[in-house]
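Nothing here was measured: the structure is a model prediction, and the numbers come from that model. Residue numbers count from 1 along this sequence.
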Amino acid sequence: MKISNKIKEFCFVSLRVWKYKILSDCKSVKGNPRCYNPLLINGKGKISFGKNVQIGIITSPNFYSHYSYLEARMESSEIEIGNNVAINNGFTAVAFSKIIIGDRVLIGLNCNIMDNDGHDLNPNKRNSDIILSENVTIQKNVFISDNVTILKGVTIGENSVIGTGSVVTHSIPDNVIAAGVPAKVIKSLL
């Protein structure tokens, strides 16, 4: 590798990854993902990474401008990421209860997973501290394409594919391709 490339990597990658690691405030983190893109980890809950988890893709858009964000908001909140998972740039996961990402999952650019509404949907309770949440589970060998949003209570079945730009509001079975807003099964893989 040329010296100029090493200097660029240090200045524009290594320092940014290090900065976001220092800014992270979650105290209960297990495992060590390989971070090619900055990762901010916040919250009072637990976050765990399996073996061979990669955050960020050097050859993808937003590599130099974005970061990924994981938050396990409450003490009882959890985010579990399995083995051999690859997550592209600009990923966000916010758990009030639990988010599970299974083994061998591929997650595309700018994807979001939320197991909660963020605020109460009732306008009279919108500023309440009580937030409705339901677990999200991404089972093994799932491929989530770019710009996908996955909402509370969803399970995505093994081997399934979620198409670009989809909003997943209901569970998706095993071995299918689903796409759209809201996401619907469009094809079986078997």
Side-chain angles (χ1 to χ4, degrees), residues 24 26 28-37 39-43 45-57 60 67-117 133-190:
S24 295
C26 185
S28 183
V29 179
K30 291 183 182 176
N32 270 323
R34 286 189 330 266
C35 290
Y36 296 103
N37 202 240
L39 173 61
L40 186 61
I41 303 175
N42 285 340
K46 298 175 185 171
I47 298 175
S48 64
F49 299 94
K51 296 175 185 170
N52 196 32
V53 173
Q54 177 178 329
I55 308 287
I57 307 293
S60 282
Y67 66 95
S68 292
Y69 181 77
L70 300 178
E71 180 182 359
R73 177 79 52 101
M74 328 284 198
E75 286 182 22
S76 60
S77 304
E78 293 181 56
I79 297 175
E80 292 179 9
I81 299 175
N83 300 315
N84 303 307
V85 173
I87 299 173
N88 208 320
N89 307 327
F91 175 69
T92 300
V94 178
F96 279 50
S97 51
K98 190 171 192 174
I99 295 171
I100 299 169
I101 299 171
D103 296 341
R104 299 182 322 278
V105 169
L106 300 175
I107 298 177
L109 185 68
N110 296 325
C111 289
N112 300 291
I113 301 174
M114 294 186 65
D115 72 352
N116 60 84
D117 292 328
S133 66
E134 296 177 44
N135 294 352
V136 171
T137 303
I138 312 300
Q139 295 183 339
K140 292 189 269 187
N141 206 37
V142 167
F143 170 42
I144 300 168
S145 193
D146 296 344
N147 300 306
V148 171
T149 299
I150 299 169
L151 300 177
K152 72 178 187 182
V154 166
T155 295
I156 298 177
E158 286 188 27
N159 306 314
S160 287
V161 175
I162 306 300
T164 300
S166 297
V167 177
V168 186
T169 59
H170 297 341
S171 293
I172 303 297
D174 297 349
N175 302 303
V176 298
I177 298 173
V181 180
K184 294 181 175 146
V185 174
I186 59 173
K187 183 178 180 182
S188 175
L189 292 173
L190 299 178

Problem - Modelled atom types, side-chain donor and acceptor of Arg34 and Asn52, under 3.5 Å - result: yes
Handout entry: Gap between atom CG of Leu70 and atom CD1 of Ile79 - 0.5 Å precision
Key = 5.0 Å
Handout entry: Spacing of Ile99 atom CD1 and Ile47 atom CD1 [to the nearest 0.5 Å]
Key = 9.0 Å
Completion exercise
Value for CG (Asn141) from CG (Asp174), rounded to nearest 0.5 Å, stands at 11.0 Å
Practice task
Could you check if a side-chain atom of Ile150 sits within less than 4.5 angstrom of a side-chain atom of Asn112, using non-hydrogen atoms only?
Solution key: no
Completion exercise
Checking Asn147, Asp146, Thr92 against Asn110 for side-chain contact (heavy atoms from CB on, under 4.5 Å), the one that qualifies is Asn147
Problem - Considering all heavy atoms, the nearest Ser133-Lys152 contact - result: CA-CD, 4.4 Å
Exercise for the section: For Asn42 and Tyr69, run side-chain contact (heavy atoms from CB on, under 4.5 Å): C-alpha distance rounded to whole Å, both residues' side-chain angles, the deciding distance at 0.1 Å, then the answer. Expected result: CA-CA 8 Å; Asn42 285 340; Tyr69 181 77; 3.5 Å; yes
Exercise for the section: Side-chain contact test, heavy atoms from C-beta onward, threshold under 4.5 Å: evaluate it for Val168 versus Val148 and give yes or no. Expected result: yes
Problem - Donor-acceptor contact present, side-chain Ser145 to main-chain Gly163, <3.5 Å - result: no
Handout entry: Heavy atoms of other groups near Lys46 NZ, more than 12 under 6.0 Å
Key = no
Problem - Between Asp115 and Ser97: side-chain donor-acceptor atoms closer than 3.5 Å - result: yes
Problem - Approximate separation, where rounding is to 0.5 Å, of Asn88 CG and Ile144 CD1 - result: 12.0 Å
Exercise for the section: Establish, from distance only, whether the side-chain atoms of Ser60 and Asn89 form a donor-acceptor pair under 3.5 Å. Expected result: no
Handout entry: Lys187 vs Val185 side-chain heavy atoms within contact, under 4.5 Å
Key = no
Problem - Which atom of Pro182 lies closest to which atom of Thr169, heavy atoms considered - result: CB-OG1, 3.5 Å
